[in-house]
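First up is the structure itself, then whatever we jot down about it.
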Amino acid sequence: MKNREIAELFERIADALEVKGETGFKVVAYRKGARILQDMAEDVEAVAREGRLGSVPGIGEGLAKKIREYLETGKMAKFAEAMKGLPESLLGLLEIQGLGGKTVHLMHEKLGVKDIDGLKRAIADGSLAGLPGMGDKKVDNLRRALEARERTAERVSICEAAVIADEVIAYLRKAPGVGRVSAAGSLRRMKETVGDIDILACGKDGSKIIRHFTRHPGAVRVLAEGGTKGSVVIRTGDAERQVDLRVVAEREYGAALLYFTGSKAHNIKLRGLAKERGLKISEYGVFKGDKRLASREEEDCYRVLGMPWIPPEMREDRGEIELALENRLPRLLEAADIKGDLHVHTRASDGDLSLGEVAGLARKMGYSYIAICDHSRSVTYARGLEVERLAAEIEEIEAFNRTLRGFRVLKGSEVDILADGSLDFPDKLLGRLDFVVAAIHSGFKKNVTERMLKALANPHVRTIAHPTGRLISRRGGYEVDLDRVIDGAARHGKALELNAYFDRLDLDELNLKKAKSKGVRISIGTDTHFADGLAMMRFGVGIARRAWLEKGDVLNTLGADELVGRTAIRKERGKRARRP
DNA sequence: GCCGTTTTCGGCCCGACTGTTTTCAGTCG
């Protein structure tokens, strides 16, 4: 799939044009094209082959031609042309806060700055300050931006962002005269990683609330402290994270929340739509001339634009506005729909908790079941269970279940898919289980696709855990042809997992969309190993919502009887089929 | 470069902030 490659090229063309001073709408068009390609669940090659490039909104004649050229020749003449005379390293300067195309162009032209080191030298020897429009403060800000860049990660995991935001929001609720408080930005949209942490509050006296905010005990630096906006750097562990707060009047809360939640592309589409109708939309409301039509609630703003409220997770300009206008938005999966967790470890393998402890926590979450899926014998580093230990665990769970009412522990396993695609336990043992998750933990480059397909064909397997194996902060994942795995799951009527652990979130939103389009159900499991792990479900649900999954797409919205009953029925069918 | 039951040319989201200016450009979200 070349979607990302081509998106990257368009992105760099946009950067190069910007640095060459060709700002404006051409640059925007390339950036938009890049985003569309990245968001596209379909393989751009297939779309091009079927002659459908022209019908993708945002891809016109020009971009379509360049895409075809790249697919056919592996090259894009426009890219070479745009990069002519520009060192590649120059484009990296655009990532520095406060540096845009104009300034980078000027620095390159007048001072011969080519990269970050060149910029540092130009700051140090004073030549930068000599540029027109460049004063002491700008130079100083750039110096600080360079320092900050070395200290803070570009994006943080949604989990880390949520923990910080939850804490700061709780703290802000104690501010004098504060009204509603909410996370905004990509955190509210539940993106798998988050840039800055954005928080919105309302209240009569913005300055007082912001002063309270900048006095947060974890704040190591205050970047801004005004009447409507505050910005601090908060230290968590060894990292520093920027948290921005905006305070608006209560009557503007909805419009401001809509605006600060984004995404930018969603906002732009909405504003264009408003304009077509003679309206104007800003963070202060939806206006007709000077008349404010809506601003208090997000719902009001959407309503005067002729559509129902759009869930934040959908706000990416991926067709949600068009659907909303036709009143055809899907009813997304909700946290309350989840009846159990389908991937949980205990102390028997590498978890921290006993069976009783994890079941107790699950009950507190309001679940009616969990599936205990400890590792199998080959995963020695995780104390994988031998046959006898799994048999013992099965008996332990059965005995435990007899003591319970209104809750059930499902007997499961995260059984390893071995190098030859066979499973780490014999079928007879797997047949005693309620829920079998198959997974790869070794041989990431060895026939992964074939092994997964073979596992999916086993009648006892219900789902494949973390099907790409990526770890967001650490590694890309297995060498796997996921399209074939999705097709295999569809063929065998099996599910695929959405692993809700924050560093996995695997399948990701694009692959979830693909799976849904093929009719493949998704099992959401937290893969929990410790007490806080079950709560990761919120991220799984968030990503599922970003992929537009509905209740019916997700396996663990079923009750335990239905879930296990289906297994039993399938096994029965399998047996009958095998008997001539 | 994209787009169009107003348009095939002339539009293309909106406002705030900052720092540099003496009326505005650049950048950001």
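Order of the sequence lines sets the chain letters (A, B, ...), proteins ahead of strands, with each chain counted from 1. These numbers were taken from a predicted model, which means no experiment stands behind them.
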Of the listed nucleotides (B:dG1, B:dT27, B:dA16), which one gets closest to any side-chain atom of A:Leu63?
B:dG1
Taking 4.0 angstrom as the limit, do A:Glu313 and A:Lys191 come out as a salt bridge?
no
Measuring only the C1' atom in each nucleotide, how far is B:dG19 from B:dC13? A whole number of Å is fine.
24 Å
Does A:Tyr259 make a side-chain donor-acceptor contact with the base of B:dG29, cut-off 3.5 Å?
yes
Can you tell me how far C1' in B:dG1 sits from the matching atom in B:dT5, rounded to whole Å?
24 Å
Give a yes or no on whether a salt bridge exists between A:Glu69 and A:Lys75, defined as a side-chain N under 4.0 angstrom from a carboxylate O.
no
Under a 4.0 Å threshold between the charged nitrogen and the carboxylate oxygen, would A:Glu88 count as salt-bridged to A:Arg12?
yes
Taking the same atom, C1', in B:dC9 and in B:dC14, what whole-Å distance lies between them?
24 Å
Integer angstrom distance from the P of B:dT21 to that of B:dA16
24 Å
Can you tell me how far P in B:dG15 sits from the matching atom in B:dT20, rounded to whole Å?
26 Å
B:dG26 and B:dT22, which share atom name P, separated by this distance in whole Å
15 Å
Can you confirm whether more than 12 heavy atoms, excluding those of A:Arg475, are under 6.0 Å from its CZ atom?
yes
